[in-house]
Amino acid sequence: MFWLFKNFPYKYTEYFPETIFDKLLILSIIKVESSFIKDAVSPLGAYGLMQVMPQTSEWINKKFDKNYNLYVPKDNIQLGIKYLEYLYELNGNLADALIGYNTGPHASKEVKESAGKRYLKKVYTAYYIYKFLYRGD
């Protein structure tokens with residue numbers, strides 16, 4: 001059981017802004033995106049805990065009149081959450097918002113069906129584990 005708590009930590013929640021999303025869902029996204037490595041960089045250039053692309057960071061800051069710094073863990077989390085909220089409003093459901101978060105909102109149907117669905121399964125699996133570990137009562 002210790003292994004599960006070590007690999008599915010309950011950290012950074014003090015950085016989460018008020019949001020419509022469950023904290024355990026956000027933790028699940030961080031687990032899948034970066035495994036809690038605060039300075040993780042993807043092969044495509046996504047950065048940080050929430051693996052936000054620099055262009056997406058610039059777009060969010062401009063669109064929502066924010067000044068988040070992609071390279072600061074607190075801001076990176078808030079960027080990711082703000083982007084997920086936007087995608088949720090755009091798509092009207094969580095599954096499509098999560099797929100868009102992973103593939104980009106303008107990805108082809110084929111990419112959304114393949115990579116997007118794999119990502120969705122990973123996030124939901126992590127979410128179920130988080131719910132088991134931290135909602136046991």
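The basis for the numbers below is simple: all heavy atoms, side chains too, and nothing from hydrogens, waters or symmetry mates. Remember, predicted model here, so these are calculated numbers, not experimental data.
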Would you tabulate the side-chain donor-acceptor contacts of residues 3-14 under 3.5 Å, counting partners in other chains and residues two or more places apart, or write 'none'?
residue, atom, partner, partner atom, Å
Asn7, ND2, Trp3, O, 2.9

> Do you know which two heavy atoms are closest between Gly104 and Lys112, and how far apart they sit?
Replying inline: O-CE, 4.0 Å
> Can you hop from Val123 to Val111 via hydrophobic side chains spaced under 4.5 Å?
Replying inline: no
>> With a 4.5 Å cut-off on side-chain heavy-atom distances among I, L, V, M, F, W and Y, is there a chain of contacts connecting Val41 to Ile37?
In response: no
>> Could you go through Leu24 and Tyr127, starting from their C-alpha distance and side-chain angles, then the distance that decides it, and tell me whether this counts as side-chain contact (heavy atoms from CB on, under 4.5 Å)?
In response: CA-CA 6 Å; Leu24 299 179; Tyr127 186 45; 3.8 Å; yes
> Just wondering, do Leu84 and Leu98 contact through their side chains at under 4.5 Å, heavy atoms?
Replying inline: yes
> If you look only at pairs with a residue in residues 66-80, which of them pass as a salt bridge (charged side-chain N to carboxylate O under 4.0 Å, His left out), with sequence neighbours excluded?
Replying inline: none
To the nearest 0.5 angstrom, please state how far the [atom1] atom of [X] sits from the [atom2] atom of [Y].
| X | Y | atom1 | atom2 | answer |
| --- | --- | --- | --- | --- |
| Ser108 | Glu113 | OG | CD | 9.5 Å |
| Tyr15 | Ile30 | OH | CD1 | 11.0 Å |
| Phe64 | Leu79 | CZ | CG | 10.5 Å |
| Ile77 | Tyr68 | CD1 | OH | 11.5 Å |
| Thr125 | Leu120 | OG1 | CG | 9.0 Å |
| Ile99 | Tyr119 | CD1 | OH | 10.5 Å |

Got a list of side-chain donor-acceptor pairs under 3.5 Å for residues 47-57, not counting sequence neighbours?
residue, atom, partner, partner atom, Å
Gln51, OE1, Ser42, N, 3.4
Gln51, NE2, Ala40, O, 3.1
Gln51, NE2, Gly48, O, 2.8

[X]: what forms a side chain to side chain contact (heavy atoms under 4.5 Å, CB included) with it, not counting sequence neighbours?
| X | value |
| --- | --- |
| Tyr128 | Tyr124, Lys131 |
| Asp65 | none |
| Glu85 | Thr19, Phe21, Ile81, Lys82 |
| Ser35 | Lys31 |

> Counting distance only, does the side-chain N/O of Lys38 pair as donor-acceptor with the main-chain N or O of Val72 below 3.5 Å?
Replying inline: no
>> Suppose we screen for side chain to side chain donor-acceptor pair (under 3.5 Å). Which residues come up paired with Tyr130, at least two apart in sequence or across chains?
In response: none
> Sequence neighbours excluded, which residues qualify as salt bridge (Lys or Arg N to Asp or Glu O under 4.0 Å) partners of Asp39?
Replying inline: none
>> Please list all pairs meeting side chain to side chain donor-acceptor pair (under 3.5 Å) that have one or both residues in residues 86-106, counting only residues at least two apart or in different chains.
In response: Asn93-Asp96
